[in-house]
Every structure is written in C-alpha cells, then in structure tokens.
S.K.: 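Sharing a structure here in structure tokens format.
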Amino acid sequence: MRKIFQLSEIKILFIFLFCWSCSSDEPDDNSMMQLELNSPQNLVVTQINETAFQITWDAVSSATSYQSQVSLTPSFDAFVAPYDNLEDSGNQINVINLESGTSYFFKVRSVRDDKYSEYSEVIEVTTENAAEPEPDTPLKEVATTFSVGMAVSTSKLGGQWDAIYKREYNNITAEWEMKMNIMYPSEGNYDFSKADLIVDYAVANNMDVHGHALIWHAATPSWVENFTGTDEEFSEMVEDYIKTTVSRYAGKVRSWDVVNEAFEDSGGVLRNSVFRQRMGDDYIEKCYQWTREADPNCLIFYNDYNMVINETKRMAALNMVDDFIDRGVPIDGFGFQMHISYNGPSKSLIASTSKEVTDRGLLLHFSELDVRANPNNDLSSLTVERSEQQKNKVKEVVEVYNAIPESSKFALTIWGLRDPDSWLIDFWGQNDWPLLYDANFNIKKAHTGFLEGLE
Ligand code: 9MR
C-alpha cells in the first residue's frame with residue numbers, strides 16, 4: 001500500500017495548519033488601530049471667561065494627539081481659526097481670542113499616526129458677556145459733605161494722572177515727598193522742591209492739601225537719628241523744622257498729620273523713637289503746639305494704622321487725645337489709616353470705633369484707604385468674585401464714613417491711584433489689586449463701591 005504522507009510531510013502540514021489557525025484569529029495592523037483608537041470621552045469645560053474657554057477630556061490610551069474643531073455652527077461649517085482640526089498632544093485645549101457673549105461648538109478626535117477616531121460628542125460653550133464699563137461719576141461730585149483725597153507724587157502729576165486727579169479729587173496728600181527725610185535731608189538744608197510742586201499743583205487746581213507727615217519714625221533722616229547735639233539743641237531743631245515747614249505752607253496746606261504712628265503695636269506704649277528719646281514723652285504735644293503757632297488756621301491730626309482692629313493701641317491714642325483736650329493742647333482730628341482687606345474688618349467694627357472718635361467731637365479722617373484683594377495669596381489674578389467683595393468693602397467704608405455726624409466729617413483719602421502703584425505690592429511681595437483703578441487706568445468695581453456707598 002502506498003504511504004500517503006511521509007512523517008516529515010505530516011510535520012510540515014501540521015505546522016502550516018497551526019500557523020494558519022493562529023493568524024486567522026488576529027486582525028491586521030490597520031484593523032487593530034481602528035479597534036483601539038477610541039473617540040475622546042467626558043468632555044468638560046474647565047474654564048470660561050469673556051474671550052476664552054478651556055476643555056478637558058479623558059486621555060485616549062493609544063492616541064498620540066488630538067484634533068480639535070471649533071465652529072460658530074453646530075454643523076461645523078463656520079470654523080473659528082485656527083481651530084480647524086488643530087492638532088495638539090494634550091487631552092486639553094485652551095480656545096482663545098474669542099468674542100464675548102458668543103456660542104461656539106467644539107468637538108475633538110483622537111489621532112495615531114495617520115489614523116483618526118470618530119469625533120467626540122459636540123459641546124456648546126458660550127463665552128461670558130463683556131463687563132459693562134463701570135460708571136465714571138467723579139467721586140468728589142457725589143461726596144458732597146466731605147473731601148475725597150488721593151495720595152500723589154511729583155512724578156505722577158501729568159498725563160492721565162492729571163486728568164483723573166482733576167476729575168475725581170479735591171484733596172491731595174504727598175505719598176512720601178512731604179516727610180522729614182525729603183524736606184529736611186541734611187542739617188540746616190531744607191529741600192521743599194518736591195513739596196512745592198505738589199502744593200502748587202493743588203493750588204492751581206483748586207484742591208486742598210493734607211500735609212503728611214511732619215514727624216514719623218519711619219521717615220526720619222539719618223542725620224536726625226544720629227543727631228550729635230544736645231537734647232535741647234535737638235528740640236530746637238525739631239521746633240525750627242516744624243515752624244519753617246508749616247509757616248511756608250500756611251494758607252495752602254489745610255491740614256497736617258503732625259505725628260504719625262507714635263504708638264507701639266502692643267502694650268499701648270509710646271514708640272521709642274529718637275524724638276521720644278531726645279525730647280521725652282511730651283515731644284508729641286510740643287510738636288502740636290509748634291504747628292498751631294506756625295499756622296493758627298490749619299487743622300492738626302494724629303494719624304495711625306490698625307486703629308479699628310487694635311483696641312489697645314486705639315485706646316492709648318485716644319487717651320492721649322483726651323489728655324490733650326483736657327489740658328488745651330491743640331488737636332483737631334484723628335486719622336484712621338484704612339489699610340484693610342476685602343474680608344475685614346467688619347462694617348460694624350469700623351462704625352463703632354469711628355464713633356469713639358466722633359463722640360469726642362474730633363474730626364475723623366479715613367486716611368490711606370486701600371483694600372487688599374489677595375491677603376491670603378490665593379489669587380493669581382483679580383477674579384470677578386473677589387473684585388465684587390472688594391467693592392462691597394469699599395462701599396461699607398464709605399457708608400460708615402458718610403453716616404458719621406456732619407461736624408466730624410473731613411476727608412476720605414485713597415492711598416494711590418492704580419493697583420500696581422500701591423506700596424502694598426512691594427511690602428507684602430505678592431500680587432494684589434488694592435486700589436480703585438487698574439493698571440490701565442480703568443475704573444474698577446471698587447470705585448463703583450465708593451459711589452454706591454453714597455447713594
Ligand atoms: O505709601 C508710602 C510709600 O510710597 C513710601 O515709600 C513710604 C515711606 O515714605 O510711605 C508709605 O506711606 C505710609 C504712610 O506715609 C504712613 N502709613 C503707612 C504708609 C505705608 O507704609
């Protein structure tokens with residue numbers, strides 16, 4: 001009988017059949033990719049504002065990139081450049097440079113080499129409406145019963161600064177150029193050049209000047225800190241400085257902060273400044289008396305910070321004022337530096353502490369107003385929500401001030417014009433937007449808060 005298969009032939013046949021059976025169960029390369037390249041799923045709008053939105057989706061495991069489409073129509077026949085299958089490797093896209101208040105349609109597909117998945121579901125996203133411009137009603141027009149002040153410096157008296165100052169304020173304060181370190185830089189040599197520019201600017205524009213500050217430990221020239229003469233000569237030097245300065249501006253400077261921040265933050269004790277060391281505890285009343293002698297008509301203030309929240313310091317300062325009033329030492333008013341935050345102090349505390357001043361029949365100055373929007377450093381830009389909160393705090397401050405007795409009203413002074421110019425940025429070394437104008441001289445919501453506080 002004929003042997004049909006040799007043993008070796010059987011082996012070959014077996015191997016062939018085995019291989020055939022294996023390969024017939026496997027798809028080819030192309031079909032494998034078609035099976036595994038899924039469409040992006042779970043599209044979520046993760047950020048949205050007036051001109052942009054961000055969409056994120058679950059990463060597709062075998063995709064190497066994604067192609068996104070943005071259209072003005074759901075049928076995707078009006079693409080928004082450059083989003084006509086714009087390719088990117090991440091499972092997220094920032095769609096930018098859009099129109100505000102406009103609906104856009106978005107879809108995305110996965111890509112691997114030259115293979116494409118089906119498109120994802122279509123998502124409709126509507127950008128936020130453009131913010132209405134804030135009203136540009138001048139603050140001084142609305143504040144009819146008190147002055148509206150602004151801190152200025154000589155390098156910022158022209159251009160847009162000038163236009164806004166003239167429109168908004170009727171009282172200016174030198175932010176730093178009318179302090180002793182600037183006006184009396186070396187013994188026997190006064191330098192009133194910067195102070196003159198500021199006072200002349202105010203006079204030319206029919207504004208008052210609030211003089212700030214004759215004596216402040218933090219703006220004392222080093223030659224005074226290291227004064228070589230006797231204590232008596234020191235006192236004579238201070239008297240000459242105060243009388244020279246105050247009489248120079250008599251009739252032009254309506255009011256002066258004579259001594260600024262004389263008390264320590266704790267313990268209710270006087271700060272041990274060079275003035276106290278050389279002249280004794282009564283250096284303050286001497287300075288007030290010399291000021292009054294040099295200009296009998298100017299209003300003279302004591303000015304300090306944290307007066308609302310630091311009861312010990314406030315009581316120490318008010319006790320000093322009570323003592324002055326009892327003994328006939330001249331003093332007309334008390335300044336609360338309003339370096340506050342969007343979240344405090346509360347309106348009720350501002351009001352009750354203000355009453356402690358006005359109950360004494362003193363003028364009350366809300367000086368140095370700025371409202372930190374980012375005290376906890378939790379923002380990298382000023383959000384709409386936070387600017388609303390800041391606006392509300394400004395409104396509360398103005399409401400409190402506007403409600404004090406007319407006889408105690410004097411001025412509410414804002415400590416700088418534009419956010420980036422605020423001393424707070426350098427002081428805290430973090431982002432903040434504490435003022436009523438932004439970097440581009442745009443009016444902020446906080447400004448509207450001031451106006452609303454007077455409605
Ligand atoms: O804001 C002022 C800043 O520009 C000056 O460099 C600084 C020193 O003169 O003074 C800042 O203003 C302070 C004010 O005179 C008194 N209260 C605290 C203010 C912030 O430090």
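Each ligand, and each atom within it, is numbered from 1 in the order the structure gives.
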S.K.: Considering only heavy atoms of Glu175, which atoms of ligand 1 have at least one such atom less than 4.0 Å away?
M.R.: 1 (O), 2 (C), 3 (C), 4 (O)

S.K.: Within a radius of less than 6.0 Å around CG of Asn189, do more than 12 heavy atoms belonging to other residues, nucleotides or ligands occur?
M.R.: yes

S.K.: Quick test: of every protein heavy atom, which one is nearest to atom 6 (O) of ligand 1, and how far off is it to 0.1 Å?
M.R.: Trp176 CB, 4.4 Å

S.K.: Salt-bridge test for Arg327 and Glu285: reply yes if a basic N is under 4.0 Å from a carboxylate O, no otherwise.
M.R.: yes

S.K.: To which protein heavy atom is atom 14 (C) of ligand 1 closest, and what is the distance rounded to 0.1 Å?
M.R.: His212 NE2, 3.4 Å

S.K.: Going by the order shown, which atoms of ligand 1 are within less than 4.0 Å of some heavy atom of Asn260?
M.R.: 16 (C)

S.K.: Among Leu369, Ile414, Val394, which one satisfies side chain to side chain contact (heavy atoms under 4.5 Å, CB included) with Leu435?
M.R.: Ile414

S.K.: Using 4.0 Å as the upper bound for N to carboxylate O, is an ion pair formed by Glu239 and Lys286?
M.R.: no

S.K.: Please work out whether any backbone atom (N, CA, C, O) or any side-chain heavy atom from C-beta onward of Asn181 is under 4.0 Å from ligand 1, and answer side chain, backbone, both or neither.
M.R.: neither

S.K.: Under a 4.0 Å threshold between the charged nitrogen and the carboxylate oxygen, would Asp419 count as salt-bridged to Lys444?
M.R.: yes

S.K.: Examine His365 together with Phe410 and report whether their ring centres are nearer than 6.0 Å.
M.R.: yes

S.K.: Test your reading of the structure: does Trp415 have an N or O sitting under 3.5 Å from an N or O of ligand 1?
M.R.: yes

S.K.: For ligand 1, is there an N or O atom under 3.5 Å from any N or O atom of Glu261?
M.R.: yes

S.K.: Could you pull out, from Gln337, Lys179, Glu368, the option with a heavy atom nearest to atom 11 (C) of ligand 1?
M.R.: Lys179

S.K.: Any N/O of Trp216 closer than 3.5 Å to an N/O of ligand 1?
M.R.: no

S.K.: Give a yes or no on whether a salt bridge exists between Glu399 and Lys347, defined as a side-chain N under 4.0 angstrom from a carboxylate O.
M.R.: yes

